[in-house]
Amino acid sequence: MTSTAPSYYLRHSDTRFESTLHAQGAWNPHEQHMAPVAGILAHALEGFEARPGLRIARISYEILGLIPDGEFDINVSMLRPGRTIELVQAALSAGGRVAVRATAWRLHTSDTAEVAAIVDDRMRGPEQASAPVDLAQWPGGYIRSIEARALPEHEAGRGRVWLRTPLPLLASEPVSDFVRLMGLVDTSNGIATRVKPGEGGYAFPNVDLQIHLYRLPAGEWLGLENAVSFGTDGVGLTSTVLHDIQGPFGRAEQILTLRKL
């Protein structure tokens, strides 16, 4: 991972990209962090055969192994075409292997304001989050690239954090607020750790990331209100309500493989 360009990725062609140091992962120095990977895949999915009146309502990311740093390809395809419901897929490949596969449901939009209702409580905003989150236990360029602020009720296993990044996802082109915030969601698994990560502690990487969106987010701040659960047989779960400055907009789930190091 040699590029230190002031962005997470460089575009080399319609399908070929290169990660920079800022996309570096936390578990291995030669891998990418899933957070910016989720963002670049969301960007590819959002732009593929886009039509007015449809929007992404769910993205399911399957992490099929280590995500190598450096150059990679993204190929997008239509799995299920439709007038009001579509399923599209983006696959990130490096070294001849698919490392991450993402599928997204795009649904027809209409005016349902008269029956709109959200049960998730609104989290206090970033202006009330004054304490910096201590992420020193996590190595890697991605973690160094973000700003994280905790609300007073933040604690181990139950995170209440606001995130943003000064870096663009791509050096060559703008991205939507939706894409920018999707590129931060995966951070949720590391903001309120129950145990020490790494040598002498535990590894608890997620093997997937499921994001459901009941509205599209806006702005630069992502609020993460999470709960981390560890089972008795080496499996855990990080569950998160997602917020922007207007309030909650969706939920995320990450299944974890928990291992003593």
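Every value quoted in this text rests on a predicted model; they were computed, and no experiment measured them.
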Are any of the side-chain heavy atoms of [X] and [Y] separated by less than 4.5 Å?
X	Y	value
Ser77	Leu79	yes
Val88	Trp105	no
Glu147	Trp162	no
His243	Leu222	no
Leu181	Pro217	yes
Asp121	Met123	no

Show the nearest heavy-atom pair for residues [X] and [Y], with the distance to one decimal.
X	Y	value
Tyr214	Pro248	OH-CB, 3.3 Å
Leu10	Ala171	CD2-CB, 4.0 Å
Pro168	Pro6	CD-O, 3.3 Å
Leu107	Ile85	CD2-CG2, 4.0 Å
Asp208	Ile63	N-CD1, 4.0 Å
Thr165	Ser145	OG1-O, 3.5 Å

[X] (side chain) donor-acceptor with [Y] (main chain) under 3.5 angstrom:
X	Y	result
Gln24	Gly141	yes
Glu225	Leu242	no
His154	Arg160	yes
Trp138	Gly190	yes
Asn226	Ser188	yes
Arg122	Gln246	yes
His22	Leu169	no

Could you state whether [X] and [Y] fall into the same hydrophobic cluster, counting links through intermediate Ile, Leu, Val, Met, Phe, Trp or Tyr residues with side-chain heavy atoms under 4.5 angstrom apart?
X	Y	result
Val76	Met78	yes
Leu209	Val179	yes
Leu184	Leu21	no
Ile67	Ile143	yes
Val175	Leu167	yes

Supply the atom-to-atom distance [X] [atom1] to [Y] [atom2], rounded to the nearest 0.5 angstrom.
X	Y	atom1	atom2	value
Arg58	Leu87	CZ	CG	6.5 Å
Arg149	Leu163	CZ	CG	11.0 Å
Ile255	Leu237	CD1	CG	5.0 Å
Glu86	Arg80	CD	CZ	8.5 Å
Ser229	Arg158	OG	CZ	9.0 Å
Ile59	Ile56	CD1	CD1	4.5 Å

Donor-acceptor contacts under 3.5 Å from residues 34-49 side chains, at least two apart:
from  : atom 1 : to     : atom 2 : distance (Å)
His43 : NE2    : Glu173 : OE2    : 2.9
Glu46 : OE1    : Ser176 : OG     : 3.2
Glu46 : OE2    : Ser176 : OG     : 2.9

Check whether the side chains of [X] and [Y] place a donor and an acceptor atom closer than 3.5 Å, and report yes or no.
X	Y	answer
Thr112	Glu114	no
Ser3	Thr20	no
Gln32	Tyr9	yes
Gln89	Thr103	no
Arg11	Ser13	no
Asp69	Ser19	no
Glu253	Thr238	no
Gln254	Asp186	yes

- Item | Neighbour count >12 (heavy atoms, 6.0 Å) for atom CZ, Arg51 |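 Yes, because the 6.0 Å sphere around CZ of Arg51 holds more than 12 heavy atoms from other groups.
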- So does Glu199 have more than 12 non-hydrogen atoms from other groups sitting under 6.0 Å from CD?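 Result for CD/Glu199: open.
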- Check step by step if side-chain contact (heavy atoms from CB on, under 4.5 Å) holds for Tyr202 and Leu258. CA-CA 7 Å; Tyr202 283 82; Leu258 178 63; 3.8 Å; yes
- Message: One pair to check against side-chain contact (heavy atoms from CB on, under 4.5 Å): Arg106 and Arg55. What are the steps and the verdict?
- Response: CA-CA 5 Å; Arg106 295 199 294 216; Arg55 76 156 175 91; over 6 Å; no
- Query: Is Asp244 salt-bridged to Arg180, cutoff N-O under 4.0 Å?
  - Reply: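 Salt bridge: no.
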- Taking 4.0 angstrom as the limit, do Glu220 and Arg164 come out as a salt bridge? yes
- Query: Should the pair Tyr8 and Tyr142 be assigned to parallel (<30°), tilted (30 to 60°) or perpendicular (>60°) ring geometry?
  - Reply: tilted
- What is the ring orientation for Phe204 with Trp27, classed by angle as parallel under 30°, tilted 30 to 60°, or perpendicular over 60°?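 Correct class here is perpendicular.
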- Task: Would you sort out whether Gln137 and Thr193 count as a side-chain hydrogen bond (donor to acceptor under 3.5 Å, both in side chains), showing the intermediate values?
- Result: CA-CA 10 Å; Gln137 60 190 334; Thr193 57; 3.3 Å; yes
- Item | Check against side-chain contact (heavy atoms from CB on, under 4.5 Å), Ile146 and Thr187 | CA-CA 10 Å; Ile146 60 174; Thr187 319; 3.8 Å; yes
- Message: Is there a side-chain contact (heavy atoms from CB on, under 4.5 Å) between Ile74 and Thr15? Walk through the geometry before answering.
- Response: CA-CA 5 Å; Ile74 294 178; Thr15 61; 5.8 Å; no
- Task: Answer with yes or no after comparing the ring centroid distance for Phe249 and Phe178 against a 6.0 Å cut-off, counting only values under it.
- Result: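 No: the rings miss the under 6.0 Å criterion.
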